[in-house]
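Here is the naming used below: chain letters follow the sequence lines, and residue numbers restart at 1 for every chain. All of these numbers come straight from a predicted model, not from anything done at the bench.
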Amino acid sequence: MGDVGGQEASGQLELIRSALPRKPRRAASTEATAAHLPVAAVLVDTGLAHLDRPFEYTVPESLDEAAQPGVRVKVRFAGQDLDGFVLERKDAAEHEGRLTPLRKVVSPEPVLVPEVLSAARATAERYAGTLGDVLRLAIPPRHAAAERALATEAPEVGALPDAAERSAWSRYPAGRHYLTHLESGGAPAASWLALPSGGDPASDWPAALAEAARATLAGGRGTVVVVPDHRDVRRVDAALTAALGPGRHVRLTADQGPQARYTAWLKVLRGHVQVVVGTRAAAFAPVRDLGLVAWWDDGDDLHEEPRAPYPHVRAVLAERARLAGAALLSAGFSRTTAVQAWLQTGVVKPIEAPTATVRQAVPRVRVAGEGVELERDPAAASAHLPSLAWRTAKEALARGPVLVQVPRRGYLPSMSCQTCRAPARCQQCHGPIALPAFGAPPACRWCGRGVAGFECSRCGGHTLRSSVVGARRTAEELGRAFPGVPVHTSGSGEVLEKVAATPSLVIATPGAEPVADGGYAAVLLLDAWASLDRPALTAGEEAVRRWLGAAALGRGAADGGVAVLCGAPTHTTLPPVEALVRWDPAWFAERELDERRELRLPPTVRMAALTAPRRPLEEALQTLQSQGLPDTAEVLGPLPAGEEALRHLVRVPLDDGPAMASALAALRGVRSAHKESATVTIRVDPSDVGT
DNA sequence: GGCGCGAATAGT
DNA sequence: CTATTCGCGCCT
């Protein structure tokens, strides 16, 4: 450390050193610079918010050819060797000081293509994050062996198969037009409300998405399909193989392992395939001539990236569609308020089936009360099922499998009467009784009073039970109630992909429901109360999404399909319950969005959250206000947020979203430059508020 | 984040 | 006067 190594940056030292009879330490410092475009703008991975911008380096002649825009490089930065991406080659530097030469080109593969760079930049801006963070999400880690092993040239694939005779879009009047538009190179944008397929793979949503990809490919353009989880990836993968033939698409998921993941990704980069299906990171896939971005089930929280800056698939894909002039398709059995907002502003058009078609395709929905008719039926009581649900299941088990959806254990520790399962109510104010925290005694969620001497207002019972029982226990109880019927469970631990058409009971948590061959004869949705009674703003939206998602696996009413919602309040009709009964997700989304607008909540406004202990939080807020926070911004709070921390919410009209994000990014930069030690969490679109 | 630089301070 | 420490600003 004693010598002056690592100070090439200093002009004076450089002069002194070159005057001394000493050998230059590095060949690069004496090597000639490339004649053409001698400067490279490099995004250096410093991990520091205030250094999240390009720095310029000279390109040594020996690296001239390899140092193309998009390649990974090593550069000397502040005395260290750091990784970076070449963003651009230019003929002159903007930086006035002396430039250091690039140290090396890690690989000549230009992994950062312009379109992905633009999308990543837009994403970083929208979420007040760093470009470096977004690129880490967008570009998988390099795997040298994979790079070597994969052919440069695309392998030969046969002709694109003809479109299937029976279109999965035939039930949607606007569907045909959408497909022709895709094929002819247009950019139609739609919110598609899918219908249940009654277990027919030729008309289900994966087939429809594959058909859309086929139409896009027939017009010479590529497609990105993003789905929430691996099971859906496999379903769409199979549908794509059927629609496109082999070798025209790849799967891209985080769990593939480094080599497989990088190989698949390289196939996309090198243009061997133009169609990708994957989970959220696939939204950034460098598809050539992108013609369509599509995603399934916008409301699934898996579409939200859990790493900074927490971008949502919806935002990434919308930006990619915009940049590429590509079509956009948000698909699902239900519609989120975020997509509804697009619909209202004309960003997307609806693709929906006519009411008569819907009535046939969806199961008949019935609502079993909060335990009203329970006691009379001992078999039902032992399974803790309303008797309507029990009778429905018993009848349906003669015709095929029955799905029972059970909210996740611990999802909401809300209490009900052990005897009749009516939701437990506070004696004073009639608010819901719940477990406020793990291990804490039950209390009223409204007035906070503890529960002493509970007495059920319906049956006079004195024992409380947690209304969410969990899949395993429900499975045991149901197994006893229907002796001789095979029972399967599917949940977070192990997820069943599909079940046969033969009679069986399938107990599943939301999102883990297996597909049934030929559709379920009946679908029971348990503990509706638990889903509705969450404190979150999105409780209603989320409940509708889950119920429709499960009920959509049932047979249509025309084929005897039935869905029973259990444990919903019957004395009043709640909008989510009505949405299910009428199978009208469009109506519900519209209504829900109107309500958000009235309350000035996302997605009708943009919000950000600042979370920190009191002192640093208030400092951060001051800095934020000095960094160009628009004066339309309202600062709400602070409210307690976990141990020791407080949280401010900042709210601006949608138009001022970019200005707010840039002020937040500036705040992040200032804090990083000052090496503030206290953690201040900055988050745009905090997921627990609204959208 | 890491490092060099200059100001401030302690030790001779 | 020099040796050490500390805070600050810069990094192409």
Grab the [atom1]-[atom2] distance between [X] and [N] for me, whole Å please.
X        : N      : atom1 : atom2 : answer
A:Asp83  : C:dT12 : CG    : C1'   : 17 Å
A:Leu99  : C:dC11 : CG    : P     : 12 Å
A:Leu82  : B:dC3  : CG    : C1'   : 13 Å
A:Gln80  : B:dG4  : CD    : P     : 11 Å
A:Glu676 : C:dG7  : CD    : C1'   : 14 Å
A:Asp45  : B:dG2  : CG    : P     : 14 Å
A:His95  : C:dC10 : NE2   : P     : 12 Å
A:Leu87  : C:dT12 : CG    : C1'   : 13 Å

Within the modelled atom types, does a donor on one side and an acceptor on the other bring the side chain of A:Lys675 and the base of C:dG7 under 3.5 Å apart?
->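 Checked by distance alone, the answer is no.
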Between A:Lys90 and A:Glu56, is there a side-chain N and carboxylate O pair less than 4.0 Å apart?
->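 A salt bridge links A:Lys90 with A:Glu56.
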In residues 47-58 of chain A, which residues come under 4.0 Å of DNA chain B by heavy atom?
->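 Nucleic-acid contacts, sorted: A:Leu48, A:His50.
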Any side-chain donor near an acceptor of the partner, A:Tyr310 and A:Glu304, under 3.5 Å |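 Absent: no donor and acceptor within the cut-off.
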Mind checking whether A:Leu302 and A:Arg280 have side chains closer than 4.5 Å, heavy atoms only?
->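 Side-chain contact under 4.5 Å: yes.
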State which residue, out of A:Leu621, A:Leu610, A:Leu649, fulfils the side-chain contact (heavy atoms from CB on, under 4.5 Å) condition with A:Val635.
->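 The single option meeting the side-chain contact (heavy atoms from CB on, under 4.5 Å) with A:Val635 is A:Leu621.
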Aromatic plane relationship, A:His312 with A:His303 - under 30° parallel, 30 to 60° tilted, over 60° perpendicular =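 Taking A:His312 first and then A:His303, their aromatic rings sit tilted (interplane angle of 30° to 60°).
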Please report the shortest heavy-atom distance between A:Val650 and A:Ala633, naming the atom on each side.
->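 Residues A:Val650 and A:Ala633, closest heavy atoms: CG1-CB, 4.0 Å.
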